[in-house]
Protein chains: 2
Amino acid sequence: MDIKHYMNDVGQRARKASRAMAKADTGAKNKALALIAAAIRRDADALRAANQKDMEAARANGLAPAMLDRLALSDKAIATMAEGLEQIVSLPDPIGEMSNMKYRPTGIQVGQMRVPLGVIGIIYEARPNVTVDAAGLCIKSGNATILRGGSEAIHCNQALAKLVKEGLAGAGLPQDAVQIVETTDRAAVGELITMPQYVDVIVPRGGKGLIERLMKESKVPMIKHLDGICHVYIDDKADIDKALKIAFNAKCHRYGTCNTMETLLVARGIAAQVLPKLAELYGTKEVELRADEEAGKVLAGYPRLARATEEDWRTEYLAAILAVKIVGDVGEAIEHINTYSSQHTDAIVTEDYSRAMRFLREVDSASVMVNASTRFADGFEYGLGAEIGISNDKLHARGPVGLEGLTSLKYVVFGHGEVRE
Amino acid sequence: MDIKHYMNDVGQRARKASRAMAKADTGAKNKALALIAAAIRRDADALRAANQKDMEAARANGLAPAMLDRLALSDKAIATMAEGLEQIVSLPDPIGEMSNMKYRPTGIQVGQMRVPLGVIGIIYEARPNVTVDAAGLCIKSGNATILRGGSEAIHCNQALAKLVKEGLAGAGLPQDAVQIVETTDRAAVGELITMPQYVDVIVPRGGKGLIERLMKESKVPMIKHLDGICHVYIDDKADIDKALKIAFNAKCHRYGTCNTMETLLVARGIAAQVLPKLAELYGTKEVELRADEEAGKVLAGYPRLARATEEDWRTEYLAAILAVKIVGDVGEAIEHINTYSSQHTDAIVTEDYSRAMRFLREVDSASVMVNASTRFADGFEYGLGAEIGISNDKLHARGPVGLEGLTSLKYVVFGHGEVRE
């Protein structure tokens, strides 16, 4: 197989299909999504069989247990995929919406229309559910998509692709609107990210290593985040109960997610009061605390205590480890966060109005919160209805990215024969 | 001078100043703009003297007359610069605006806050007025900026930079918020576009050659357009008077602008009626018509008639030349436009509702118009109040880019102690 030639063909087909998708009406797109959901339920046995093939190969290749977990397609996972598509059906169609249509003194009326981006390339790990989620979001937002899932899921992804194409065809939409890269050759990724003539944006979903590699090589803009070094700052005007709940939840609700707190900042004036209580809570989960000198003194006697180094302020642990630092005030907290944060999600706990407002304004991160757990930074929790990914960048979409992040605004002008004088 | 070292220092200063600018209040930003405007009026003589130095050097170096024109700083140009800043004062401050704050079932309230991008690098030709415009827009939008103007304008730009810094200081804002690259060495541009750690976005304003070169080398995202191959399609249901006015204005109002029409498409059913009348109008301006075979027959006898080649459909003439093609219907017009247009601005002239709506929806360009001249595609005409540039890209800003294009939205969450279950 000539990968370059194959991917070029995939790109050309996607570009062509994107034209048809851009003008597809809401009814047709929703029909396709409903048909795919029904087909997934109907063919649950076949999907499980395809997944079984992938699982056996993965086991034989010694895939790590965590990866095997993500690869596995349970009955519940199959039901969730179908339900996810039906949820996307219920979301409003963003495409064609016109806004801000205003008359100008010249007589023309000017505003904006929401339109698809075109072709979205999605690169992800061996997680079959992402195949269906991503296809659904791209269909609803009028885009064509090229999906490159982890090679360990190839059989399951091919089975899913058949059902997606069946749904598209049943709704009168081009089958090339969703293409799955049919080769597990890694060179296909290299082609996908260097075809700006066919691909408008790449959404990489995976570990930091993957994304760093893609950032170096991609000639196509990306919607991505590299890591989540999230902070909670407990102000000395914090409500202690809220502070304990939030700082415990932000660290211990799940360790492996990008919106998990990695560094806790505590105001000097409240540290002696709040840190010992927090240590009790973290102790129940055997969380290791890496404290600066001052916090270390307050936490003396905690069984899993270590001294934090400069490196700790820059580390996304994704584990039961937390860096802890005492700061003088909200200004020092903001300074620390704007220096070390990955600009993903940072929260303040305070009852002080002015400090809350200052934190909101000055912390330069994609999500900034007052009195809430960083774990809420998520497309579903924010009410986007779905999430294709999270962006830490400032251009285009920032924070959780839903349907709207897969669209753009073009200007539309209604005239009556006006010309420029 | 060690250019790498110098630009690194400029970048670091800009990044630091951007933090202060992000939290600057509206009053301080407006005060800085008003002070700069006053200083420009006060020092008009000194600015003219600096410009004179540039003009003499440029003449000695044999700069082309068109470039000399742009470099010259007349009394009127000085007044216009000051007025431009005062107009920016009167625009609403986009920064800090919160929108869509909605309660979620969990109890948190989620919405978005408009924030600056950070540091904007602007690369432009020897046009002193751009220095002031760009500085003004970046100040108002809470960004720091690094300006790299054409080296021929260096004396005038340095004089302007002094006044800008005076205004910033007078308003208590950091002088490094606006920095002018003090060297004419071209290597400085190479550094500016490869410092993503200090520069968030590059806005190149200049010819196609400059922008193509920057696209190849830049490691920083750009807000840019490469060229403007704009179309007017005259439908067979067009009002003939509107069609004549628009097709004449779109070509002949100014030849050198990016929103000037370069290809005219005419529906077969109306070509015999409309083309001879248009030829009369274009004849008064000695416009050369490059017609396809069919249009050529209708236009036979026109004194400046040539046969269009495939290359003509892809050419931005920026001159008194127009490509003309006859098409069957609106579908064929859309197909031609989506194939050859630079996705800048395209217009239909028609009285038919369904065709107008179809054209608006299906033409994939930054501005799509019905019954109006393409010459309206402009930040001022659209009511943005100002324009930093035009984007033909779909990510981030598309079409004329004003203050809002220099901003981003971050998510803000108001909580009451909520945690994720």
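Lettering follows sequence order; numbering is per chain, from 1. The structure displayed is predicted, hence computed values, not measured ones.
Comparing A:Ala347, A:Pro221, A:Ala366, A:Ala372 by how many heavy-atom pairs each has under 4.5 Å with chain B, the most go to A:Ala366. Interface remark: of the candidates B:Gln112, B:Arg254, B:Glu421, B:Lys102, B:Glu421 forms the most heavy-atom pairs closer than 4.5 Å to chain A. Per-residue heavy-atom pair counts under 4.5 Å with chain A were compared for B:Gly399, B:Gly383, B:Ala250, B:Ala377, and the maximum is reached by B:Gly383. With chain A as the partner, the residue from B:Val419, B:Val370, B:Val110 showing the most heavy-atom pairs under 4.5 Å is B:Val419.
Interface residue A:Ser365: only backbone heavy atoms are found under 4.5 Å from chain B. Only the side chain of A:Asn259 has a heavy atom closer than 4.5 Å to any heavy atom of chain B. Residue contact with chain B, scored on non-hydrogen atoms closer than 4.5 Å, is absent for A:Val349. Neither the backbone nor the side chain of A:Met215 comes within less than 4.5 Å of any heavy atom of chain B. Interface residue B:Ile108: only side-chain heavy atoms are found under 4.5 Å from chain A. Contact annotation for A:Asp378: only side-chain heavy atoms (C-beta onward) come within less than 4.5 Å of a heavy atom of chain B. Residue A:Val412 touches chain B through both its backbone and its side chain, counting heavy-atom pairs closer than 4.5 Å. Only the side chain of A:Leu384 comes within contact range of chain B, with at least one heavy atom under 4.5 Å from a heavy atom of that chain. For chain B, the nearby part of A:Phe380 is the backbone; its heavy atoms alone come within less than 4.5 Å. If you measure heavy-atom distances from B:Pro116 to chain A, the contacts under 4.5 Å come from the backbone alone.
In this structure, CZ on B:Phe376 lies 7.5 Å from CZ on A:Arg420, to the nearest 0.5 angstrom. Residue A:Gln109 holds its CD atom at 13.0 Å from CE of B:Met369, rounded to the nearest 0.5 Å.
Here the closest non-hydrogen pair linking B:Leu117 and A:Lys394 is O-NZ, 2.9 Å. Taking all atoms of both residues into account, the shortest heavy-atom contact from A:Lys410 to B:Leu360 is NZ-O, 2.7 Å. Of all heavy-atom pairs between B:Arg398 and A:Tyr411, the closest is O-CE1, 3.3 Å.
Counting non-hydrogen atoms of neighbouring residues, nucleotides and ligands closer than 6.0 angstrom, the CD atom of A:Glu332 exceeds 12 such neighbours. Counting non-hydrogen atoms of neighbouring residues, nucleotides and ligands closer than 6.0 angstrom, the CD atom of B:Glu217 exceeds 12 such neighbours. By the neighbour-count criterion of 12 heavy atoms within 6.0 Å, atom CD of A:Glu212 is densely surrounded, having more than that number from other residues, nucleotides or ligands. Remark: B:Glu351 CD is packed, more than 12 non-hydrogen atoms of other residues, nucleotides or ligands lying under 6.0 Å away.
Between B:Arg19 and A:Asp364, the closest side-chain pair of non-hydrogen atoms falls below 4.5 Å. Between A:Ile95 and B:Arg361, the closest side-chain pair of non-hydrogen atoms falls below 4.5 Å. Taking 4.5 Å as the limit, every side-chain heavy atom of A:Val368 sits out of range of all side-chain heavy atoms of B:Met113. Looking at heavy atoms from C-beta onward, B:Thr106 lies in side-chain contact with A:Glu381 at the 4.5 angstrom threshold.
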